[in-house]
Amino acid sequence: MSAKGRSTQRLDKVLSNMGYGSRAELKKVVKQGGIIVNGSPAKDPGMHVDPYHDVIEIEGEKILYKEFVYLMLHKPPGVISATEDMRDRTVLDLLDKSYLIYEPFPVGRLDKDTEGLLLLTNDGKLAHELLSPRKHVPKTYEADVAGRVTEEDVIHFSQGVTLDDGYVTLPAELSILSVEELEDGPLSKISLIIHEGKFHQVKRMFEAVGKKVVYLKRVQMGELKLDESLPIGSYRELTAEELTLLGKPSTPELLENQKNREI
Ligand code: URA
């Protein structure tokens with residue numbers, strides 16, 4: 001019952017991709033009359049449906065289809081920004097298994113000890129756009145730096161800093177938020193906007209001026225800001241507004257239109 005021109009897929013494929021069981025299991029559910037499409041029991045698990053427009057119910061539950069998932073994680077320290085690791089817990093270990101079926105991956109990397117904004121998605125195109133070195137998507141960090149960060153450092157960072165391997169960074173915007181005098185010396189709180197993402201870049205930029213980052217948190221990537229009400233270690237789906245900030249259309253219809261344009 002899908003309108004001509006709409007994108008259709010096999011019913012069992014749509015449902016198995018969403019974690020409702022294997023194709024063999026779904027075949028049984030169909031046989032028992034447990035899947036209803038647009039008000040009528042499905043007879044053939046291979047029937048074609050338009051998952052965005054056809055109303056599909058499985059065992060009384062109406063499915064809300066989505067191809068892509070976009071999650072904002074407030075990354076805690078101690079987990080690795082990877083999909084698997086032999087030794088350590090990864091950011092995927094923090095997700096409910098209902099999200100794992102979408103096979104999300106982290107967009108870029110934060111060090112194990114870095115906290116803050118990490119986007120997880122299965123939308124490879126968006127990830128590429130955010131990470132492409134040519135796009136210079138700004139990333140904002142807040143850090144505690146052992147030592148006194150000075151106005152000279154601000155000027156130095158604005159001109160680009162030479163890292164330990166000789167690479168000269170793009171100009172970066174450093175702001176000194178405060179300098180506290182502690183027993184073991186000054187501690188500076190700073191914010192830094194960088195326009196690239198070299199390995200350990202923020203830490204290495206401060207090392208280049210003889211200072212050590214002792215705490216690091218990412219608070220913004222492009223236009224997307226960390227929701228500070230999100231407890232550390234938790235995550236949520238991006239809102240429609242946040243998706244728009246990333247340049248993504250936010251309704252299933254718009255997503256589908258975009259997909260059709262790409263074909
Ligand atoms: N720069 C770093 O040094 N570490 C991070 O995790 C991110 C940016």
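Indexing begins at 1, ligand by ligand and atom by atom, following the structure's order.
Counting heavy-atom neighbours within 6.0 Å of Glu173 CD, excluding the residue itself, gives a total above 12.
Of the candidates Leu216, Leu192, Val213, Asp111, it is Asp111 that places a heavy atom closest to atom 6 (O) of ligand 1.
Scanning the protein for heavy atoms near atom 1 (N) of ligand 1, the closest one is Val202 N, 3.1 Å.
Counting only heavy atoms from C-beta outward, the side chains of Leu174 and Val149 approach each other to under 4.5 Å.
For Tyr102 and Tyr70, the distance between ring centers is not under 6.0 angstrom.
By the 4.0 Å heavy-atom criterion, Tyr141 is counted among the residues contacting ligand 1.
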Subject >> Chi angles and distances behind the side-chain contact (heavy atoms from CB on, under 4.5 Å) call for Lys27, Asp12 >> reply: CA-CA 8 Å; Lys27 195 173 170 185; Asp12 53 2; over 6 Å; no

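An N or O contact shorter than 3.5 Å links Thr114 to ligand 1 by distance. Between His200 and ligand 1, a contact under 3.5 Å exists for at least one N or O pair.
With rounding to the nearest 0.5 angstrom, the CD1 atom of Ile232 is 9.5 Å from the CD atom of Glu228.
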